Amino acid sequence: SVTEHRMLLEAQLWTEVILQAIGDLDRRKSSASRSAEDSARQWFASDNEDIGTFVWSCRVVNVDPSRVRSALARRAVLKDTRKLHHRSLL
């Protein structure tokens, strides 16, 4: 149906947004600026559930935000992993 198609397209878009933010976390592996890296860190750390936030984006793509945060912490991509991991357990 048209609605399902739109939902799929929206999920694809927000998957790309999450992947871009993951890439922005590590400037050595991407062309992200320092401000993009800082913005990505803040985005992932936020528990805000408004449209466009990390938590909201995860809901759109049916992914648990705490699992993404834990995976990023394990990869040591995030500098303040204790704070982020703690948030993922709340």
Side-chain angles (χ1 to χ4, degrees):
S1 77
V2 173
T3 302
E4 289 174 346
H5 181 69
R6 286 183 181 155
M7 290 173 59
L8 177 61
L9 291 175
E10 184 175 16
Q12 289 173 334
L13 169 68
W14 287 104
T15 298
E16 290 300 320
V17 169
I18 294 168
L19 293 173
Q20 178 64 52
I22 290 170
D24 289 349
L25 288 173
D26 191 352
R27 288 184 301 130
R28 295 170 302 184
K29 295 181 181 177
S30 75
S31 59
S33 67
R34 175 72 178 178
S35 64
E37 179 183 7
D38 292 343
S39 291
R41 287 184 196 291
Q42 291 173 3
W43 191 68
F44 281 110
S46 173
D47 288 325
N48 188 328
E49 297 180 14
D50 292 342
I51 293 173
T53 62
F54 171 65
V55 174
W56 180 89
S57 301
C58 286
R59 287 194 177 127
V60 169
V61 301
N62 199 28
V63 173
D64 181 353
S66 63
R67 291 186 63 134
V68 175
R69 289 173 174 156
S70 294
L72 292 172
R74 281 193 305 274
R75 288 179 50 200
V77 173
L78 299 171
K79 292 178 182 173
D80 192 356
T81 57
R82 287 177 301 179
K83 178 180 175 185
L84 198 57
H85 184 67
H86 174 70
R87 284 181 182 273
S88 68
L89 297 176
L90 297 178

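These figures come from a predicted structure and were not determined experimentally. One is the number of the first residue; the rest follow in order along the sequence.
The minimum heavy-atom distance linking Trp43 with Gly52 is given by the pair NE1-O, 3.0 Å. Closest approach of Cys58 and Val68 over heavy atoms only: SG-CG2, 4.4 Å.
Each of Val61, Val63, Leu19 was scored for a side chain to side chain contact (heavy atoms under 4.5 Å, CB included) with Trp14, with one residue passing: Val61.
Looking at Ser46, its side chain never comes within 3.5 Å of a backbone N or O of Gln42 through a donor-acceptor pair.
Considering CG of Leu13 and CG of Leu8, their distance stands at 11.5 Å, rounded to 0.5 Å. To the nearest 0.5 Å, atoms CG (Asp64) and CZ (Arg59) are separated by 9.5 Å. If you take CD1 on Ile18 and CZ on Phe54, they are separated by 6.0 Å, rounding to the nearest 0.5 Å. Taken from CG in Leu9 to CD in Glu4, the straight-line distance is 12.0 Å, to the nearest 0.5 Å.
Side-chain contact annotation: Thr3 with Ser1, donor-acceptor N/O pair under 3.5 Å absent. Side-chain contact annotation: Asp24 with Gln20, donor-acceptor N/O pair under 3.5 Å present.
A 6.0 Å sphere centred on CD1 of Ile51 holds no more than 12 heavy atoms belonging to other residues, nucleotides or ligands.
Within the 4.5 Å cutoff, the side chain of Ile22 has heavy atoms near those of the Phe44 side chain.
With salt bridges taken as basic N to acidic carboxylate O contacts below 4.0 Å, one links Arg41 and Glu37.
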